[in-house]
Asker: 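The structure is given below, and queries will be raised subsequently.
Worth saying up front: this structure is predicted, and the values here are computed from it rather than measured.
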Amino acid sequence: MKPRISAIIHTLNEELNIANALRSVASWVDEIIVVDMYSDDRTVEIAHSFGAKVFLHEKKRLADPARNFSQEKATGDWIIALDADEIVPPKLSRELLKIAEDDRADICFVPELNYFCGFPLLHTGWGPDQDRHDRFYRKGSIVYSPNIHGRSRQKEGSRVLSLKYRPGLAIIHFNFLNVSHCVEKLNRYTDIEASQRNQKGQTMGAVDMLIRPLWEFVKRYFRYQGFRDGWPGLYYSFFMSFYRMTQAMKLREIDVAGSAEAVRTKYQTIAEEYLAGYESQMKPSEPH
């Protein structure tokens, strides 16, 4: 019997991306599940126009907490999990269908071809042979981590297949648009990661703020041959180095200075101490 395929996609204000993601799965999956975090643009309207089943999830700053919820809503035997800024090429869809029909595995790690500022990265630690994810799997084979960039947990005994990259056999990921987009995502993701690590009692020191960022650049640009990707490889290597440094500094900041609200309260206390000098100099007004 032909296995049923469900596509799950997570969204928050993705009206500029969602149509392409939906177009890339509409013709070969049996149902599309869109889990939306209360978008205030046309995301849900576009999803409905493709016949997707739309479910709402509490608004978060990242999609990870919604992944287990979305696969619970899926009724297919197999799941293809996508982000709204990704598409599945026809060649890859045929390969995935064949894997499911031939019962060759329970979990399939799929290469990703990541675009950075308009250019595909083939190296830099983000090339399709270096960046594979368990995006196609038999329902019930994996459980997602709620943490940002957390690893999924595989069901014991699951058969795992890892596809080798060839043109057309990778999820296409249209990631960063430009440097401003990089900085915006960096700021948001490092906020979340620092907070999660602080809650686990983790701390950061000078090594984390200096040595690890330097190693991140060396690793990506030289070990992973980012130089072969030209200026995008150089930019991305610098970007990831700065990412590691920023994450470490934010975690250290929480540990030493506290939250932004705590610092604001401290500033107000200091301001009151200075301003009290003015009030002590003020003379009471004389009665008329």
Asker: Do Met209 and Pro213 touch side chain to side chain, with heavy atoms closer than 4.5 Å?
Answerer: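 No, too far: nothing below the 4.5 Å cut-off.
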Asker: So, using side-chain contact (heavy atoms from CB on, under 4.5 Å) as the criterion, who are the partners of Ile211 when residues are at least two apart?
Answerer: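 Checked Ile211 against side-chain contact (heavy atoms from CB on, under 4.5 Å); matches are Val207.
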Asker: Can you tell me if Thr190 and Lys250 form a side-chain donor-acceptor pair at under 3.5 Å?
Answerer: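 A donor-acceptor contact under 3.5 Å links the two side chains.
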Asker: How would you list, by chain and number, every residue that makes a ring pair (Phe, Tyr, Trp, His ring centres under 6.0 Å) with Phe69, sequence neighbours excluded?
Answerer: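 For Phe69 the ring pair (Phe, Tyr, Trp, His ring centres under 6.0 Å) partners, ignoring immediate neighbours, are His57.
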Asker: Under the rule for salt bridge (Lys or Arg N to Asp or Glu O under 4.0 Å), what residues qualify as partners of Glu216, not counting sequence neighbours?
Answerer: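 Applying salt bridge (Lys or Arg N to Asp or Glu O under 4.0 Å) to Glu216 gives Lys219, Arg220, Arg244.
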Asker: List for me each residue that meets salt bridge (Lys or Arg N to Asp or Glu O under 4.0 Å) alongside Asp85, sequence neighbours excluded, and say none if there are none.
Answerer: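 Asp85 satisfies salt bridge (Lys or Arg N to Asp or Glu O under 4.0 Å) with no other residue.
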Asker: Tyr38: which residues meet the ring pair (Phe, Tyr, Trp, His ring centres under 6.0 Å) condition with it, sequence neighbours left out?
Answerer: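 Tyr38: no ring pair (Phe, Tyr, Trp, His ring centres under 6.0 Å) contacts found.
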Asker: Check this for me: does any side-chain nitrogen of one of Glu95 and Arg104 sit under 4.0 Å from a carboxylate oxygen of the other?
Answerer: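 Yes, this pair counts.
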Asker: Return each pair, listed once, that meets salt bridge (charged side-chain N to carboxylate O under 4.0 Å, His left out) where at least one residue sits in residues 19-40; pairs must be two or more places apart or across chains.
Answerer: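 Pairs touching residues 19-40 that pass the test: Glu31-Lys53.
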Asker: Phe116: which residues meet the ring pair (Phe, Tyr, Trp, His ring centres under 6.0 Å) condition with it, sequence neighbours left out?
Answerer: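 Once residues adjacent in sequence are excluded, the partners of Phe116 under the ring pair (Phe, Tyr, Trp, His ring centres under 6.0 Å) criterion are Phe176, Tyr236.
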Asker: With heavy-atom distances below 4.5 Å as the criterion, would you say the side chains of His10 and Ser70 are in contact?
Answerer: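 In short, these two side chains touch, coming nearer than 4.5 Å.
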Asker: State which residues pass side-chain contact (heavy atoms from CB on, under 4.5 Å) with Phe217; sequence neighbours excluded, sorted by chain then number.
Answerer: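 Expected list: Tyr221, Phe222, Leu234, Ser237, Phe238, Ser241.
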Asker: Determine, using the 4.5 Å side-chain heavy-atom cutoff (strictly less than), whether Ile32 and Ile171 are members of one ILVMFWY cluster.
Answerer: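 The answer is yes; both residues are in one hydrophobic cluster.
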Asker: List for me each residue that meets salt bridge (Lys or Arg N to Asp or Glu O under 4.0 Å) alongside Glu45, sequence neighbours excluded, and say none if there are none.
Answerer: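 Salt bridge (Lys or Arg N to Asp or Glu O under 4.0 Å) check on Glu45 returns Arg42.
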Asker: With Lys98, which residues qualify under salt bridge (Lys or Arg N to Asp or Glu O under 4.0 Å), at least two apart?
Answerer: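 By the salt bridge (Lys or Arg N to Asp or Glu O under 4.0 Å) rule, Lys98 matches Asp102.
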Asker: So that I know where these two stand, are Trp78 and Phe136 an aromatic pair - ring centroids less than 6.0 Å apart?
Answerer: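 So the answer is yes for these two rings.
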Asker: Treat each ILVMFWY residue as a node, draw an edge where side-chain heavy atoms are under 4.5 Å apart, and state whether Leu121 and Phe239 are in one component.
Answerer: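 Leu121 and Phe239: one cluster.
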Asker: Taking side-chain contact (heavy atoms from CB on, under 4.5 Å) as the definition, give me every residue that meets it alongside Pro89, ordered by chain and number, with sequence neighbours left out.
Answerer: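 Listed in chain order: Leu92, Ile172.
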Asker: Is it the case that atom CZ in Phe242 sees more than 12 heavy atoms from other parts of the structure closer than 6.0 Å?
Answerer: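 No, CZ of Phe242 has 12 or fewer neighbouring heavy atoms, counting only those of other groups under 6.0 Å.
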Asker: Does the side chain of Thr75 reach to within under 4.5 Å of the side chain of Arg4, using non-hydrogen atoms?
Answerer: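 The answer is yes, as the side chains (C-beta and beyond) meet within the 4.5 Å cut-off.
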Asker: Can you say whether the rings of Phe174 and Tyr115 are parallel (under 30°), tilted (30 to 60°) or perpendicular (over 60°)?
Answerer: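 Phe174 and Tyr115: tilted rings.
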Asker: Would you indicate whether the side-chain heavy atoms of Ile8 and Leu82 approach each other to under 4.5 Å?
Answerer: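 When only atoms from C-beta onward are counted, Ile8 and Leu82 do not touch, as no gap falls below 4.5 Å.
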Asker: Go through the side-chain N and O atoms of Thr203 and Arg252 and say whether any donor and acceptor fall under 3.5 Å apart.
Answerer: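 On atom types as modelled, these side chains do not qualify, holding no pair under 3.5 Å.
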Asker: Please name all residues satisfying side-chain contact (heavy atoms from CB on, under 4.5 Å) with Glu184, sequence neighbours left out, ordered by chain then number.
Answerer: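 Here the qualifying residues are His181, Arg188.
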Asker: Less than 6.0 Å separating the ring centroids of Tyr224 and Trp126?
Answerer: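 No, the ring centres sit 6.0 Å or more apart.
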Asker: Would you give the length of the straight line joining atom CZ of Arg135 to atom CD1 of Ile107, rounded to the nearest 0.5 angstrom?
Answerer: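 Rounded to the nearest 0.5 Å, the CZ-CD1 separation comes to 14.0 Å.
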Asker: Answer yes or no: is there an ion pair linking Asp255 with Arg197, defined by an N-O contact shorter than 4.0 Å?
Answerer: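 Arg197 and Asp255: not salt-bridged.
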Asker: Can you tell me how far apart CD1 (Ile46) and OG1 (Thr11) are? Round to the nearest 0.5 Å.
Answerer: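 That separation rounds to 10.0 Å.
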Asker: Heavy atoms, side chains only, cut-off 4.5 Å: are Lys139 and Asp77 in contact?
Answerer: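 The answer is no; the side chains never approach within 4.5 Å.
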